[in-house]
Amino acid sequence: MEKNIRVRFAPSPTGHLHIGGARTALFNYLFAKKYSGTFVLRIEDTDELRSSQESVKWIFDSMAWLGLNWDEGAMPDGTQKGNFGPYVQSVRESQGIYKQYADKLVKEGKAYYCYCTAQELDEMRKKAALEKRPPKYEGRCRNLTAEEKEKFEKEGRKPVIRFRMPDDGTTSWNDLIHKELSFENKLLYDFIMVKASGYPTYNFACVIDDYLMKISHVIRGDDHISNTPLQINLYKALGWEIPQFAHLSMILGPDGSRLSKRHGATSVQEYKKEGFLPETIKNYLALLGWSTQDSQQIFEKGELEEKFSLEGCQKNPATFDPVKLKWMNGEYLRKLDKKTLSDLVLPYLKEAGFDLSYPKVPLEELIYLEYEKYKVLSEAPSLLSFFFKENPDMDAEAVQSVFSKPSAYKVLSGIAEVYSSLPNFEEKSIEEATRKFAKDNSLKNGEVFHPVRVAVSGKAQGPTLFKMIEYLGKDCAVNRIKAAVSLCSVNK
RNA sequence: GCCCUCAUCGUCUAGAGGCCUAGGACGCCGCCCUUUCAAGGCGGAGAUCAGGGGUUCGAAUCCCCUUGAGGGCGCCA
């Protein structure tokens, strides 16, 4: 690869970091890592109405959580890191950076003031639609005379600055993912560079900044393909070198439409809250639109950074599959050691309002008992609840199916005796005693194990039985079994 | 309406003219392990490579058309 690879992620702070945005950030990050380039974070807050400081913070938080650290750009503490700052467009605007280039283009006749109002534009579009013409701006203000301008100014109209698009020829580029892409200039339109408020628009600010920040590769979503010829013409008008472009495919929801809120969780923050690991999100997102030649699924730490390439990127859109995401999270969760898993699960138990002081054994032991069950961290409370209270919630179905067996009463009353006289209340001795009880009473193991499990945990399914009983402790286990005796429908 | 893009199992994908009677992964089904649920192991179903034309000795792979899907046509980004 060429030297001085510089890429950027340029989110607009109008909400949480979306899963699609996170993927764009990830691909830029991976590309930079792969080629030892520089990853820049630029804040594109030129939407005065929707941008917010809060959103900037959310984006920083999500990026940090995912481990997508940037080498240059706006930093969470408000500073600007790097030699091409500031990296916040509103700040750049206030320094007159955009104005300077807009003025230059106007002076050179490559851009012009347009006095059309929003309402007028709207009417023009409606009329065009009615007449089955493309709804593009027809260049009404392209050649305004000084008198006309003066007249508009007197009316108090605030002009915008439009780029004067070439009338003929074609604009094409060799997209790193899509190969040759080309547009006829006559279909392009005189886009607005500077709004009436003096703020730059996306298409304008983006080009100015990518150039000034020496961005070598613009890696962004497919939805920007039609903006690209506009931007390329701007580069040309300015006489600037055009960067490489790579357009990533979109992420679709299960119904085939663009992933959005109605498909469920879409922000990185929501996935974090649900209990997905950042490693999972990174890995899964990487596989959405990219793959290795051997279709590798799980990547160890650092592997993505090493194996990523634009060549492996898919042109067609990918459907987001929450089921596979969960499977993958389970894979990552199972690799965690006791301590790490426990630290991650604890907040969920706290939030569920559990009495964490109730269990007599270390919490990390309890948590680890079910380690291969978790798909997302938020499932932990329901899996472990019976460890944290005097009387477990009894699952009606389990009670019905297990305690209605003729042998249940005998088993539970008998085993309660066995357990209470057990000197060493440990997994091994509990198991031995339980098996012996079954044998002595000519019962199948299952006939004994099942009712005991339900009696002790309230559920038909759960952790390995004897370890679970040990962790509950003798008193607790015996009490629960005794209490369950009364639930047996056949009393003999 | 116009422009652009895309098209391999339900889903993510491998595949860059013969290695493909199309491979992997998720999900699904079955078996094994097992006190349960998982996890794990093994096996299975599942794609005439959207359809139709070409090119070629030979096409999932190249070309054209059709169809379908997505994106854009904002003083949003």
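Predicted model, so just to flag it, every value in this text is computed and none were measured. Proteins come first, then strands; the chains are lettered A, B, ... in the order of their sequence lines, and each starts at number 1.
Atom CZ in A/R334 sits roughly 8 Å away from atom C1' in B/rA38 (whole-Å rounding). For A/Q293 and B/rA16, the CD to C1' distance is 9 Å, given to the nearest whole Å. One interatomic measurement links the two molecules: NE2 of A/H16 to P of B/rA77, which rounds to 20 Å at whole-angstrom precision.
Within the structure, every side-chain polar atom (N or O) of A/N445 is placed at least 4.0 Å from both OP1 and OP2 of B/rU34. Phosphate proximity of B/rC12 to A/T319: present, with a side-chain N or O under 4.0 Å from OP1 or OP2. The side chain of A/Q314 contributes an N or O atom lying less than 4.0 Å from OP1 or OP2 of B/rA14. Contact annotation: A/K459 does not reach the phosphate of B/rA38 (side-chain N/O to OP1 or OP2, under 4.0 Å).
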Test log, rule side chain to side chain contact (heavy atoms under 4.5 Å, CB included), inputs A/Y419 and A/T434:
CA-CA 8 Å; A/Y419 286 177; A/T434 311; 2.8 Å; yes
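If A/S197 and A/K375 are placed on RNA chain B by their nearest nucleotide, the residue sitting closer to the 5' end is A/K375. The residue among A/T292 and A/W327 whose nearest nucleotide of RNA chain B lies closer to the 5′ end is A/T292.
In this model, no side-chain donor or acceptor of A/S249 finds a partner on the base of B/rU5 within 3.5 Å. A donor-acceptor contact under 3.5 Å is formed by the side chain of A/N227 with the base of B/rA77.
Within the 4.0 angstrom heavy-atom criterion, only backbone atoms of the sugar-phosphate kind lie near A/R125; the bases stay farther away. Using a 4.0 Å heavy-atom criterion, one finds that A/A318 contacts the sugar-phosphate atoms exclusively.
With contacts defined as side-chain heavy-atom distances shorter than 4.5 Å, the pair A/M165/A/K110 does not qualify. Between A/L366 and A/F388 there is a side-chain heavy-atom pair separated by less than 4.5 Å.
Spacing between B/rC28 and B/rG15 at atom P, rounded to whole Å, works out to 27 Å.
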